[in-house]
Amino acid sequence: MDITKIITPLNAAQRAAVTAPPGATLVLAGAGSGKTRVLVHRIAWQIQVAGLSPHAVLAVTFTNKAAKEMRSRLEDLLNLPAHALWIGTFHGLAHRLLRRHAERSGLPSTFQVMDSADQLRVIKRLLNTLGLDEAQWPAKQLQWHINAQKDAGVRARQGSDGNDPYQRQLLAVYRAYENICQRSGLVDFAELLLRAHELLRDHQDLLDFYQQRFQQVHVDEFQDTNTVQYAWLRLLTEGRGNLFVVGDDDQSIYGWRGAKIENIHLFRKHHPDHQLVKLEQNYRSTGTILKAANAVIGFNSGRIGKELWTQTGDGEAIALYAAFNELDEAYFVVERIRAWVAAGGSRSDIAILYRSNAQSRQFEEKLMASHIPYRVYGGLRFFDRAEIKTALAYLRLLVNRTDDTSFERVVNLPTRGIGASTLETVRHVAREHQLSLWAATETVIQQTRVSARAGQALKRFLNLINQLAEQARGLELFEQVKLVVEKSALLAFYQQDKADRGEEKAENLEELVNAAKLFDPYQNNEESLSELDLFLAYAALEAGEMQADDAADCVQLMTLHSAKGLEFKQVFLVGMEEGLFPSQQSVDDAGRLEEERRLCYVGITRAMRGLCLSYSESRRLYGRETHPRPSRFLKEIPPHLVQEVRLRANTRRPLPGFGVVQSSGQFKLGQRVRHEKFGKGVILQQEGEGAQERVQVSFQQVGVKWLMLAYAKLATDG
DNA sequence: CTCTACGAATTTTTT
DNA sequence: ATTCGTAGAG
């Protein structure tokens, strides 16, 4: 019983959390306050001091990365392998439950997990089948709607049409989508969660079993849970409140995808006796950075309330740079990076954070030109690449012939003379007789409903899949993958394809074989499943884990969202402009604006020592020149914490008439104005000179208008 | 079936 | 600007 090892490294608040009594506990963990440490030490405490069996521990995270880190830190601390513990993501654990109890959850044992791209394809195909116009019923929107319903725990049969034709149609699509998935044995991400919830809800014996088994349930990033996830947690801990949750209401940035910050408040309501522990001592950032973060987040309402502090000193001031345009901004950032590296700093300590991915390019170009290695996060993941998905579709078809999505994907790739009209016949037969595309193809061949030539092609395809399945039997996983990649002629197809980076794609296919070789099914211990099943689930659920070449010393580029949970010595928070950050779509809605502000808080608190903010007075966006105002968040930082940076006057002056519009002096961009007829407004754009000078004004009452300055009686306001 | 052309959209992202 | 998807021609 090595209690000291568990307790000694903790501060008082952390210790209170780790040693809290077994009931419901809410740990409000500020950024950089040792959240993961508390979680890990809590579990270790339960096992080594409270005598809990490792078997009885459940720990749930959102990302595979977090799950992995928790497991490995736990192994370090306990000094033993942590197989026995159920540590995983919501989706991973749900998947595990559904596999174990496939029949009882109403799924075929061969069911496959779809990622969101697969899901979108299913919906698009469905729209075709239903004869709905894609322009009027955008597949993306329907996908969003269906997922939102599922995240909220609503099934199609529970939905109400409200006697509204639009709602009725949505409902019909949702219902049809459920049918298709059920028939094809396909499960999307939201479905994993919803079904896992229903499984426990509807089977008392299973619920009893798992309630009995999981004596302590731990949840990371609780503020990000959605309705179904919380409902599932409540089921598991019903009546006992053996739920230890860690979260931060100020870092809730996923409301737009169903996360319910309210779950924190519900938790407190549902568990009146809960322990509340606030972790406010920060071990990451300087005092200055924390003061800025506290000030900004203080503008939000309805917070539980928390103030970060540190024992470390104030450190250097926050730098602020006003760029002329986005190129100048990138130039400035790269100069600072160069100086940092020249002073002996390492590149991997630097992050450039932005609101949207589109902003990365300018920085990439300047970094490239300066020969500074960098890495952009959030690009296309390995398992998301088209050629990889195609190869996986072949594999899924081997496992499950009713997988229509995979069927559609590979039936004519590489091209084997199965054209659109042939496929239409197959789809028609499938619809008519409620068959899978595979079964429908067999029927079509039998009844010779297509030309002899097409029939032959179809027959060849069915034979190919059957033969592959036959030959794959008994082979090692990587040999199976290799077999499929080669015999499907996919590899040769891409090797021949000179035009579309075919060579690269062929290499990726070989890389897939390699990934299969390295795949360790033991890590995903689920005895009853074949290695191939596990590999396919891994590809769908853990696609992110492939890109782990962080060995090189690179500057890190990523969105604010992907920066959550990370820290860097030097952070550049760029594009601090109204309309960009906060994003245009959020400014009209108080709730969404607060989420943007939390995002800003997340960004600021990523910085350990240095924080540099920048905005641009002019920016090319969607091919148009815009003149945004500085972000409101900049004004929310106390000025005495900020040091505005000015480059030497002669270095980066823009040429007259180039980039920056000359101002008449009286009206600047962003200037608040008043018009006697239109009321109050803000200047958005300006062009022309002298008598021709006109300005674009956004009026509160009447919207955006162009006005000739010579005629319009505009007065400055405020 | 493949290639070109035109039009529309365009935060954030994990699973 | 750029990307992406569809429609129409070759």
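All chains are named by letter (A, B, ...) in the order of the sequence lines, taking the proteins before the strands, and each is independently numbered beginning at 1.
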Practice task
State whether the distance check finds a donor on one side and an acceptor on the other, under 3.5 Å, for side chain A/Ser583 versus base B/dT11.
Solution key: yes
Exercise for the section: Grab the CG-C1' distance between A/Asn147 and B/dT14 for me, whole Å please. Expected result: 12 Å
Completion exercise
Between CD1 of A/Ile253 and P of B/dT14 the distance, given in whole Å, is 11 Å
Problem - Note, A/Glu191 side chain near A/Cys181 side chain (heavy atom, < 4.5 Å) - result: no
Fill in the blank from the handout: Comparing A/Tyr622 with A/Gly417, nearest DNA chain B nucleotide closer to 5' gives the residue A/Gly417
Exercise for the section: May I ask you to decide if A/Ser618's main-chain N or O and A/Ser616's side chain share a donor-acceptor pair within less than 3.5 Å? Expected result: yes
Handout entry: Check: B/dT15 base within 3.5 Å donor-acceptor of A/Ser116 side chain
Key = yes
Problem - A/His197/A/Phe90 aromatic ring centres below 6.0 Å - result: no
Practice task
Look at the rings of A/His95 and A/Phe111 and say which category their plane angle falls in: under 30° parallel, 30 to 60° tilted, over 60° perpendicular.
Solution key: perpendicular
Exercise for the section: Figure out the OH/P separation between A/Tyr538 and B/dT15, and round it to whole Å. Expected result: 11 Å
Exercise for the section: Using a cut-off of strictly less than 4.0 Å, decide whether A/Arg361 has a side-chain nitrogen or oxygen near OP1 or OP2 of C/dT2. Expected result: yes
Exercise for the section: Determine the Euclidean distance between corresponding C1' atoms of C/dT6 and B/dT11; express it in Å to zero decimal places. Expected result: 25 Å
Exercise for the section: Give A/Ile418 one of three labels, base, sugar-phosphate or nothing, depending on what nucleic acid heavy atoms sit under 4.0 Å from its own. Expected result: sugar-phosphate
Completion exercise
In whole angstroms, the gap separating C1' of B/dT12 from CD of A/Gln584 amounts to 15 Å
Practice task
Between C/dA1, B/dC1, B/dT11, spot the one nearest the side chain of A/Asn412, thanks.
Solution key: B/dC1
Practice task
Would you indicate what A/Arg598 reaches in the nucleic acid, counting non-hydrogen atoms under 4.0 angstrom: base, sugar-phosphate, or nothing?
Solution key: nothing
Exercise for the section: Looking at every strand, decide which applies to A/Thr63 at a 4.0 Å heavy-atom threshold: base, sugar-phosphate, or nothing. Expected result: sugar-phosphate
Exercise for the section: Please work out which residues in residues 559-567 of chain A have a non-hydrogen atom less than 4.0 Å from an atom of DNA chain B and list them by number. Expected result: A/Thr559, A/His561, A/Ser562
Exercise for the section: Compare the minimum distances between each of B/dT13, B/dT11, B/dT15 and the side chain of A/Asn357, then state the nucleotide with the smallest one. Expected result: B/dT13
Exercise for the section: Round to a whole Å and report the spacing from CG of A/Leu353 to P of B/dT11. Expected result: 19 Å
Handout entry: Atom-to-atom span, CG of A/Leu327 to C1' of C/dA1 - whole angstrom
Key = 13 Å
Practice task
For the pair A/Trp256 and A/His561, name the ring-plane relationship: parallel under 30°, tilted 30 to 60°, perpendicular over 60°.
Solution key: perpendicular
Problem - Residue pair A/Asp220 / A/Val60, side-chain heavy-atom distance below 4.5 Å - result: no
Practice task
Figure out the CD/C1' separation between A/Glu221 and B/dT14, and round it to whole Å.
Solution key: 12 Å
Exercise for the section: Answer yes when A/Arg121 and A/Glu408 have at least one side-chain N-carboxylate O distance shorter than 4.0 Å, and no when they do not. Expected result: no
Handout entry: Span that lies between the C1' atom of C/dG5 and that of B/dT12, in whole angstrom
Key = 23 Å
Practice task
Classify the nucleic acid contact of A/Phe62 as base, sugar-phosphate or nothing, counting any heavy atom under 4.0 Å across all strands shown.
Solution key: sugar-phosphate
Completion exercise
Checking B/dT13, B/dT15, B/dT11 against the side chain of A/Trp256 (C-beta onward), the nearest is B/dT13
Practice task
Using whole Å, report how far CZ of A/Phe383 lies from C1' of B/dT13.
Solution key: 18 Å
Handout entry: Salt-bridge criterion met for A/Asp115 and A/Lys389 (N-O under 4.0 Å)
Key = yes
